[in-house]
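Below: one structure, written as structure tokens.
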Amino acid sequence: MSLNIPKKLETAVNRTIRNYPQKRSASLMVLHAIQEHEGYISPEAVEWVARKLELEPINVHELVTFYPMFRQQAAGRRVIKICRTLSCALAGADGLRRHLCGKLGLDERDHRLQITEDGRFSLESVECLAGCGVAPVMMCGDDFHEGVTPEKADEILKEKE
Amino acid sequence: MPQEHRLILKHVDDPNYGPDLATYRKHGGYRALTKALKMKRKRGAKGALITPQEWLREEVSRSQLRGRGGAGFSCGLKWSFVDRKSGKPIYLICNADESEPGTFKDRQIIYKDPHQLLEGIILSSWANDVELAYIYIRGEFVEGARILERAIAEARRQGYLGKNVLDSGYKLEVHVHRGAGAYICGEETGLIESLEGKRAYPRIKPPYFPAVLGLYQCPTIVNNVETLCAVKHIADNGGDAYAKLGTPNNTGTRIVCLSGHVQRPGYFEVEVGKVTIGELIFDANFGGGLRPGRRLKAVIPGGSSAKVFRAGETFQLKGQKKKVKLLDLPYDFDSLLQAGSMSGSGAIIVLDDTADMIAALANIADFYAHESCGQCTPCREGSLWMSKALRRLAGGQGRRQDAEQLLHIARNIQGRTICAFGEACAWPVMSVVEKFREEFETRGEEHERAATEAKTN
Amino acid sequence: MVSNKSKKKTAPAPETITVKVDGQAVDMPRTMPDPLTGEPVPTTMIQACKIAGVEIPHYCYHPKLPVAGNCRMCLVEYGMPALGPDRQPLLNEDGAPEIRRMTLPYEPGTPRGAIACATPVAPGMEIYANSPATRQMREAVLESLLINHPLDCPICDQAGECKLQEYSVEHGQAASRFVEQKVHKPKQVDLGPRIMLDAERCILCSRCIRFTKDIAGDDALGFVDRGSYSTLTTFPGKPFDNNYTLNTADICPVGALTSKDFRFQMRVWFLKESPSLCTSCGTGCNVVMGSREEQIYRYEPRENDAVNSSWLCDEGRLNYRWIGRPDRLADPLRDGQKTGDWPALLQAVAERLADAKPGSTAVIASARQTTEELFLLRRLAQRLDALSDTPARLGEADQLLVSADKNPNTNGARLSGFCFTEMGINLPKIASGIRRGKITNLIVFGEDVTRCGIDRALLQKVECLIVSDILPNETTARAHFLLPGCAHAEKRGTFVNVKGRLQRFFKAVEPPGRARPETEFLTDLVHRLTGESLPDNPEGLFNHMASEIKAFSKIRWSDLGDTGVDVPV
């Protein structure tokens, strides 16, 4: 798949780079921008970012594989992240996750990113989302959802469809 | 009955309050900054003429403010280590990577009162001759980053940021930098590496103390969100006024995050040391107690890396004749250290008698195995080993010796790693296994017996 | 090991401090030069221990690379002078400073280690390099490194020179406590044309990453994934192919990175190691030749800070197979006929040259010949009033080691007086002399003169062509007398590198057939032609030569040591 960086995005990237005394510092911000646009970070995108920041591709590849928010493959249109860490676990996060797996036809033993057959949703377990006081929490896209019961999760899914 | 003392969170839950600059100013916002920037040279505590910047640094020292990120290190002392003679720029980074399990305090400030944070950042930058500051915000706070960006744009328009802050001649830019889901970025040198566009591998100290060799090998201050907000209040009211809050050496207020098996989980801002752990869990003002019919089993007092307390424990504190019961322990820095744990990031996770300590510990161990950056051997290998052993034990394949072995693995990590993640992953294991050893041994024996029976049948 | 002679004189010597290593007080400089910048940086515990003669086990630390501090193998227990509230040292009853063993701040009963590779020494510090606590820390690190390691020593090329094996003997435990499933990672990864990776054996010390980035200047390697799953890699599809990749196999403390050239060729413990030099260019990198049963299996860099530090380029390192080529010249030939009788052959050559008219002979010799050989050839040339010269051999240079001069002994050829500073200036004169029939005898050592302006037709005009070489070429094919010589691996001698480093090398393997070291038959010829008896052993010959060559004055063979000496060029 070839990479298509629209002019507008490139301008925004250039602006971001100027926020730092050293171009390399913009890495994470630029990768976020690319992932928001492309849905994931392809090898071509890694090379593009490396060129942009005057780095070697391995320097960027190291980041994409270190930071869990970056994906190397396409995900479903809506990415659901369920917190699995202690406070959420104590509040029933695993039940919530299994409920959603069942509903979306996904493997409940797999905590990594899974995509529904129709490609509409992705589900993954993530570590603490800093919402422990309103556990269990999950994210759908960029949005936080607090105190998510299975019923509430169903509503969120319906809303996002 | 002890009450909350809201200083930093004073307005956040006011339905009429918003994250915009006008609202902030209406509530006294940027008053401290305006006052400070107009200040002339004055006599310092030691009688000598000092610059206004030196004045604020002195006030922060006098306030005895301790870092709210986890280590509780004196903020004034941290600032005093900054190499001001290197000729290199000095950077300030606001650590908004809030990721310690159990912690959700910085988020309240960022989302609901971003200008308070910004004012704290501007004042702290000004006091330390910083002209470029970054807010390193955890990647998942997507909206939080947008709110901060908007606040920065507003502040720049109003002259609180830019080439000539409030016509004082002082120059400052602040940029928001988003992380991407790595807990280790909360460690200040890991954060600096990450901000330099690298894997967040914490740096070896010596020689890479941020105050001397930080961002781009320049002197750098890394302060937590809540700490920087406290600076704003110190600038506003003076260090002595701040130090009157709380208890000696544990001054000011701090935001406590309560989660787990309590009726009213949430955040509470209290004077440090004026409220006990028992009050935080049981008082109607705070946690509101456990669910009906449940008994307290364990308390993790300072984020998941803090050593656990077992219900009913008592502690010998300095200067106290009688042992202090867990629930009577003042929630402050020093008492918790003396009790063998720490208040860390101010996050209390409560476990009642329904909690399976093995499952809970396996959950924590999974977190650390997942978040270990992998740079240094003891943590990289030890964290995954503990997680695998605990998963095996939780999954029915335990052995009697697992408890002892887990302690051994953990003891081989603590104190031997590049950064404090070593302690963070070792301490939960050490404390839970030590304090609930019988659960582990009984479980291990049961599994061994079941395995033998399965074999003989 | 490292010669001081090449180091430039620096400003005042650094302050000396005293620390104790295992109870022994040792003086050492407070600072030492940074491996990359040469700037003075605080002396570290590991350097201090080395000065004290105590080796601290380590994996990620390498004296030539920036410090990483990640393996934690060099953790040591240590103590510092205790200070009173007035910041003055507390004294024991005997008046000596009280030393406080460092403990964990949150657990005062537990010793606290420091990584020796990165912790500066301080006056009065005591390092407990072998205390029970230090040993326990090492054991624990080693256990951690081994739990996910495949333990496939029987089929691992590193076996025998593996630091995991070595330290396991000293610090390992007999049985593993690890009952969980190991982490699996890619094996037999083709990292580049010359390097294979077994990621399961990798201990993530990052030496290779630091080397290729900071020394070779090719930021090509990195880690992907996190925690225990971290894996060394290149960017997918981008081969690791700079000219220094094989150094990463050298510095890899385990069997993760291996040389494709050497893989499965020979168990290292069978190899005989001989100190030698690389001859692929004028840099004169120091090497260790690994050989068994007269066959060379590998070159490895030998540390010499005045020349090649600890490195070697891939091209030079792999340029050894010609030594064992089956078409090596192994028999002396007279008019193309084998003759086993060296003395008769040399007598015939001597007679031929003795009768030659002064000026009717020319000598062309390669700057691949040793200084001693060129010295002897110069003697012959003087006796015969012969023009002599050496063809230059130029190529590309790089920033690190590779020199544009592809001859290993250009300066030897110059200093011996065999050729002028401007090499090859006499070659056209020799060609024209042959063309005009003035030069009828040509002596050639180690060059194919048909590539240096004396083509086949011109060569036909030479009445007597005396050639010494080691591999066949156009010139050797036309020799009237062919004297098979030795590759440098088969003899002893010296070269002078492009910067004037005079270095010696030693014999690793026997020459093929009846081939002989050139100095042997050259001293013979010199004797037959001039009556002069020169020593026929390399040491004696060198000492004699050094007494005649101004630049070598007062240098003895034994002075050359492992790393050579600088001479003015």
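A, B, ... follow the sequence lines: proteins, then strands. Residue 1 opens every chain. Only a predicted model underlies this, so the values are computations on that prediction, with no experimental measurement involved.
- In this structure the side chain of B:E196 never reaches within 4.5 angstrom of the side chain of A:R24, judged on heavy atoms.
- Side-chain atoms of A:S25 and B:Y216, non-hydrogen and from C-beta on, do get closer than 4.5 Å to each other.
- Using modelled atom types, no side-chain atom of A:D142 and backbone atom of B:E143 make a donor-acceptor pair closer than 3.5 Å.
- Of all heavy-atom pairs spanning A:S87 and B:G102, the tightest one is OG-CA, 4.3 Å.
- Most heavy-atom pairs under 4.5 Å with chain A, from the set B:A200, B:P89, B:A145, B:A359: that is B:A200.
- Heavy-atom pairs under 4.5 Å with chain A peak, among B:H177, B:H261, B:H370, at B:H177.
- Here the closest heavy-atom approach between residue B:F141 and residue A:L129 is recorded as CE2-O, 4.0 Å.
- Each of B:N363, B:I349, B:D366 was checked for a side chain to side chain contact (heavy atoms under 4.5 Å, CB included) with A:T85, and the lone residue meeting it is B:N363.
- Neither the backbone nor the side chain of B:Y368 comes within less than 4.5 Å of any heavy atom in chain A.
- Heavy atoms of B:E173 lying under 4.5 Å from chain A are absent altogether.
- With a 4.5 Å cut-off on non-hydrogen atoms, B:H175 touches chain A through its side chain but not through its backbone.
- Looking at A:H32, its side chain does come within 3.5 Å of a backbone N or O of B:G179 through a donor-acceptor pair.
- At a 4.5 Å heavy-atom cutoff, the contact between B:S194 and chain A is made by backbone and side-chain atoms alike.
- Within the 4.5 angstrom heavy-atom criterion, only backbone atoms of B:L258 (N, CA, C, O) approach chain A.
- Comparing B:K105, B:R138, B:E371, B:E98 by how many heavy-atom pairs each has under 4.5 Å with chain A, the most go to B:R138.
- Using non-hydrogen atoms only and a strict 4.5 Å limit, the part of residues 59-68 of chain A facing chain B consists of A:E62, A:L63, A:T65, A:F66, A:Y67, A:P68.
- Proximity to chain A (any heavy atom under 4.5 Å) is restricted, for B:S99, to the backbone atoms N, CA, C and O.
- A salt bridge links B:R178 to A:E36: at least one charged side-chain nitrogen sits closer than 4.0 Å to a carboxylate oxygen.
- Under the 4.5 Å side-chain criterion, counting only non-hydrogen atoms from C-beta, B:Y136 is in contact with A:L28.
- Between B:L132 and A:Y20 the shortest side-chain heavy-atom distance does not fall below 4.5 Å.
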